[in-house]
Amino acid sequence: MKVLGVETSCDETAVAVVEFEKGHIGVLSNVVSSQVKLHAKYGGVVPHLASREHAKNIGHVFEQALAEADVTNFAEQIDAIAVTHGPGLGPSLIIGIAFAKTLAFKYKKPLIDVNHLDGHIHSNWLKDKLLNAFPALCVVVSGGHTELVLMRDHGKYKLIGETLDDAIGEAFDKAARLLGLGYPGGPAISKLAEHGIPEHYPLPSPMINAKNYNFSYSGLKTALLYLLRDIGKIDQQQKADIAASFQKAAIDVVVSKAKRAAKQYNVMSIMLSGGVSANISLRERLQTVSKDLSIPFFCPDMKYTTDNAAMIALAGAFTHEHSKTKNLSYKRIKMEPNLSLSH
Ligand code: KG4
Ligand code: ZN
């Protein structure tokens, strides 16, 4: 089957066509129009501006995705439409949902609602070969989420831990802003951190010793704010040391909790995803954890780490297949679309 994916949950307008046949997954097109430049001057995503940009761009992005996938007859060549229904920014989500629903109505195609996190998790299958090593511990880390999810099968999820306040990517973005590094902050901090000494500045890893799998990142951001206030003027090397110390403090908690969860739930693999999965240090450290536990470690290709519609189309394809063959009564990721959620 060929599935058209639509993703507009935050500041990326994305449409993709993915082919899904038994044992074969092919990305026929994956078009992403990023609004990063627009939001950079505000230091974060402004929901009503994002929504307006989605409305302006989605038509062109859709046309380009069809052209690149050689789709000339939508009714004949596309079998289903998958769309992110949440979580995300309400004004942004609504544009993609309305667009996808209109297409489904016009062409009488099934419309598959996809949870954004289900999409990120499936970015791991957008590659040639990946064994289903279940149960898998999914570490979903992005600008809006920090979740540990136990995946027993496609569509069969249990949320075992989540952030109680800021998401890890959000913490990177806020820290970058404090350091005058611009938006988005994750790539800027990790680049600078390569030249710094981690632990040079003691920053807290909140909840690292808590006996649960939840996270909290607002305290780390505040600690950084006070540190910068106490030091005063900083030179380039100090800035790099602070970036490295921040990155380590933020990642330590994820690595420590992932390791504990992987052991407790006896998982067969660890699977990283979400925008922060582009972070090389996090990749390397989770790879080491997997090696210690003698289980495989998976992470998406770099081009599928941040928001895209190929991951949404693929998650939709799996849902569609499973709904035909299995009873979908199992527990899906317990994240309902929260139309007022913003980050
Ligand atoms: O998945 P994504 O595109 O959007 C959400 O669903 O939130 O993730 C974007 C987030 C941003 O917060 C960005 O700063 C972070 O991913 N990010 C990184 C890196 N690259 C992107 N964080 C840390 N290190 C990176 N290399
Ligand atoms: Zn995302």
Side-chain angles (χ1 to χ4, degrees), residues 117 120-124 126-127 130 136-151 160-163 166-176 179 181 184-201 203-208 213-217 220-221 224 240-263 267 269-293 295-308 311 343:
L117 302 189
H120 271 304
I121 289 169
H122 278 90
S123 62
N124 273 296
L126 292 168
K127 48 177 70 170
L130 183 99
L137 178 73
C138 301
V139 181
V140 190
V141 280
S142 73
H145 313 282
T146 314
E147 328 264 325
L148 292 183
V149 176
L150 189 67
M151 180 180 192
I160 59 174
E162 63 187 330
T163 182
D166 293 353
I168 182 171
E170 189 180 358
F172 268 89
D173 293 336
K174 287 178 176 170
L179 288 167
L181 295 173
I189 290 207
S190 56
K191 202 156 172 253
L192 191 60
E194 287 171 20
H195 309 287
I197 302 166
E199 282 168 337
H200 205 99
Y201 291 95
L203 284 167
S205 292
M207 294 187 74
I208 196 162
Y213 296 113
N214 290 332
F215 302 89
S216 165
Y217 279 102
L220 173 58
K221 175 202 65 192
L224 177 63
D241 290 342
I242 292 171
S245 304
F246 170 86
Q247 177 170 277
K248 185 173 182 309
I251 286 174
D252 275 355
V253 199
V254 177
V255 174
S256 154
K257 298 217 173 195
K259 186 171 186 176
R260 198 153 51 77
K263 280 187 191 161
V267 299
S269 63
I270 294 179
M271 208 176 270
L272 181 63
S273 63
V276 183
S277 73
N279 189 285
I280 303 297
S281 172
L282 180 58
R283 283 178 177 228
E284 287 174 354
R285 292 192 50 199
L286 284 178
Q287 171 95 61
T288 307
V289 168
S290 298
K291 219 170 153 195
D292 289 348
L293 299 175
I295 54 175
F297 169 67
F298 303 114
C299 53
D301 288 351
M302 278 298 179
K303 62 174 180 268
Y304 299 127
T305 53
T306 44
D307 291 349
N308 64 83
M311 68 186 196
H343 59 264

Distance in Å, Ile189 CD1 paired with Ser281 OG, rounded so as to fall on 0.5 Å steps: 12.5 Å
Backbone N/O of Ala278 and side chain of Thr305: donor-acceptor pair under 3.5 Å: no
Side chain to side chain, Leu282 and Val141, heavy atoms closer than 4.5 Å: yes
Flag side-chain contact, heavy atom, 4.5 Å: Ser269 against Phe298: yes
From Cys299 atom SG to Ile280 atom CD1, the distance as rounded to the nearest 0.5 Å: 8.5 Å
Flag, side chain of Asp241 to backbone of Ile197, donor-acceptor distance under 3.5 Å: yes
pair Lys174-Glu170: side-chain heavy atoms closer than 4.5 Å: yes
Phe172 ring center within less than 6.0 Å of Phe246 ring center: yes
For the student: nearest non-hydrogen atoms of Ser277 and Pro300, plus distance: OG-CG, 3.8 Å
Rounded distance [0.5 Å steps], CD1 in Ile242 versus CG in Leu192: 9.5 Å
From Glu284 atom CD to Ile251 atom CD1, the distance as rounded to the nearest 0.5 Å: 10.0 Å
Any Arg285 side-chain heavy atom under 4.5 Å of Asp252 side chain: yes
Working for side-chain contact (heavy atoms from CB on, under 4.5 Å), residues Leu148 and Phe215: CA-CA 10 Å; Leu148 292 183; Phe215 302 89; 4.0 Å; yes
Validation row: Asn124, Tyr304 side chains within 4.5 angstrom (heavy atoms): no
Nearest atoms (heavy-atom pairs only) where Ser216 meets Met207: CB-SD, 3.5 Å
Any side-chain heavy-atom pair of Met271 and Val139 under 4.5 Å: no
Ile208 backbone acceptor or donor facing Lys257 side chain under 3.5 Å: no
Donor-acceptor pair, side chain of Gln247 and main chain of Ala244, under 3.5 angstrom: no
Residue pair Val253 / Pro206: nearest heavy atoms and the distance that separates them: CG1-O, 3.5 Å
Student check: side-chain heavy atoms of Asp292 and Lys259 closer than 4.5 Å: yes
Polar side-chain atom of Tyr217 near backbone of Ala250 as donor-acceptor pair, under 3.5 Å: yes
Intermediate values then yes/no, side chain to side chain donor-acceptor pair (under 3.5 Å), His120 and Asp307: CA-CA 8 Å; His120 271 304; Asp307 291 349; 3.0 Å; yes
Asp173 (side chain) donor-acceptor with Gly185 (main chain) under 3.5 angstrom: yes
Glu162 vs Thr146 side-chain heavy atoms within contact, under 4.5 Å: no
Pair Val149-Ile160, side-chain contact (heavy atoms from CB on, under 4.5 Å): steps then yes or no: CA-CA 6 Å; Val149 176; Ile160 59 174; over 6 Å; no
Closest heavy-atom pair and its distance - Cys138, Met151: SG-CB, 3.7 Å
Backbone N/O of Ala171 and side chain of Asp166: donor-acceptor pair under 3.5 Å: no
Partners meeting side-chain contact (heavy atoms from CB on, under 4.5 Å) with Thr306 (sequence neighbours left out): none
Minimum-distance pair of heavy atoms, taken over all atoms of Ile168 and Val276: CG2-CG2, 4.0 Å
CG-OG1 distance between Asn214 and Thr163, expressed to the nearest 0.5 angstrom: 8.0 Å
Nearest non-hydrogen partners of Asn279 and Ser190, listed with the distance: ND2-CB, 3.5 Å
